[in-house]
Amino acid sequence: MKEDMHNRDTAIWPPVDPVKAGLSGRCPRCGEGRLFSGFLTVGKGCGVCGLDYGFADAGDGPAVFVILIIGFIVVGLALWMEVSLNPPLVVHFLIWIPLAVALCLTALRLMKGVLITLQYRNKAAEGRLGGDR
Ligand SMILES: [Zn+2]
């Protein structure tokens with residue numbers, strides 16, 4: 001039954017590029033409505049097509065990607081600066097802590113949007129035992 005619903009969805013709503021919709025924080029079905037109600041809070045549903053966002057659960061996924069990617073960038077830059085410019089320690093604190101926080105928050109929102117739109121697109125959900133499919 002859930003499968004039928006999804007097929008009906010794609011018949012009415014033409015496929016949306018999940019990466020594009022996710023990066024701009026848009027609804028995974030229509031690509032118009034807002035996905036987030038707060039900075040990182042997913043809304044209850046789409047205001048344009050009425051899609052219920054109850055399925056959306058990115059879990060720890062976005063945080064893992066953000067930690068690995070931003071950590072790599074920031075630590076790499078900090079090491080480079082230390083080796084090539086050898087600035088006082090306080091300069092490192094003043095540059096890298098605010099930069100890491102800003103980059104992480106930005107990337108977290110983008111990554112969460114993309115993972116939720118991909119989740120919708122691929123119909124990913126928790127595994128269930130003995131389902132009635
Ligand atoms: Zn929508």
Side-chain angles (χ1 to χ4, degrees):
M1 172 163 174
K2 202 169 179 189
E3 198 70 18
D4 295 343
M5 235 173 82
H6 191 87
N7 289 338
R8 216 178 55 212
D9 286 355
T10 51
I12 301 172
W13 304 99
V16 173
D17 179 5
V19 175
K20 208 172 137 201
L23 288 180
S24 52
R26 296 293 161 187
C27 165
R29 183 162 70 178
C30 64
E32 299 287 328
R34 302 167 67 88
L35 181 60
F36 295 102
S37 61
F39 183 68
L40 284 173
T41 314
V42 177
K44 285 195 170 14
C46 174
V48 176
C49 70
L51 174 68
D52 183 4
Y53 292 156
F55 71 90
D57 181 16
D60 295 336
V64 171
F65 283 112
V66 167
I67 288 167
L68 292 176
I69 296 170
I70 305 297
F72 177 79
I73 294 172
V74 169
V75 170
L77 286 173
L79 283 174
W80 170 82
M81 191 180 190
E82 175 62 26
V83 169
S84 58
L85 303 175
N86 196 15
L89 194 56
V90 67
V91 173
H92 283 296
F93 284 120
L94 288 177
I95 294 176
W96 305 120
I97 291 177
L99 183 72
V101 170
L103 283 178
C104 284
L105 289 177
T106 311
L108 204 51
R109 184 181 163 108
L110 300 177
M111 197 61 82
K112 190 168 180 179
V114 170
L115 287 185
I116 288 175
T117 51
L118 283 174
Q119 183 191 3
Y120 175 80
R121 179 64 166 277
N122 297 309
K123 300 169 220 155
E126 276 177 55
R128 297 202 189 285
L129 289 174
D132 47 0
R133 15 182 26 221

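The shown structure was predicted, so the numbers you read here are calculated from the model rather than taken from an experiment. Read the numbers this way: they start at 1 and go in the same order the structure lists the ligands and their atoms. We're numbering straight along the sequence, starting at 1.
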Q: Answer yes or no: does atom CG of Asp60 have more than 12 heavy-atom neighbours from other residues, nucleotides or ligands under 6.0 Å?
A: no
Q: Taking side chain to side chain donor-acceptor pair (under 3.5 Å) as the test, write out the residues that go with Glu82, two or more places apart.
A: His92
Q: Examine distances only and state if a side-chain atom of Arg109 and a backbone atom of Leu40 form a donor-acceptor pair shorter than 3.5 Å.
A: no
Q: Write down the atom of Pro28, the atom of Leu51, and the distance for their closest heavy-atom approach.
A: CG-CD2, 3.9 Å
Q) How long is the gap from CE on Met111 to CD1 on Ile69, to the nearest 0.5 Å? A) 4.0 Å
Q.
Short of 2.8 Å from the Zn ion (ligand 1), name each protein N/O/S atom, waters not counted.
A. Cys27 SG, Cys30 SG, Cys46 SG, Cys49 SG
(Q) Tell me whether Lys44 contacts the main-chain N or O of Asp52 through its side chain, where contact means a donor paired with an acceptor under 3.5 Å. (A) no
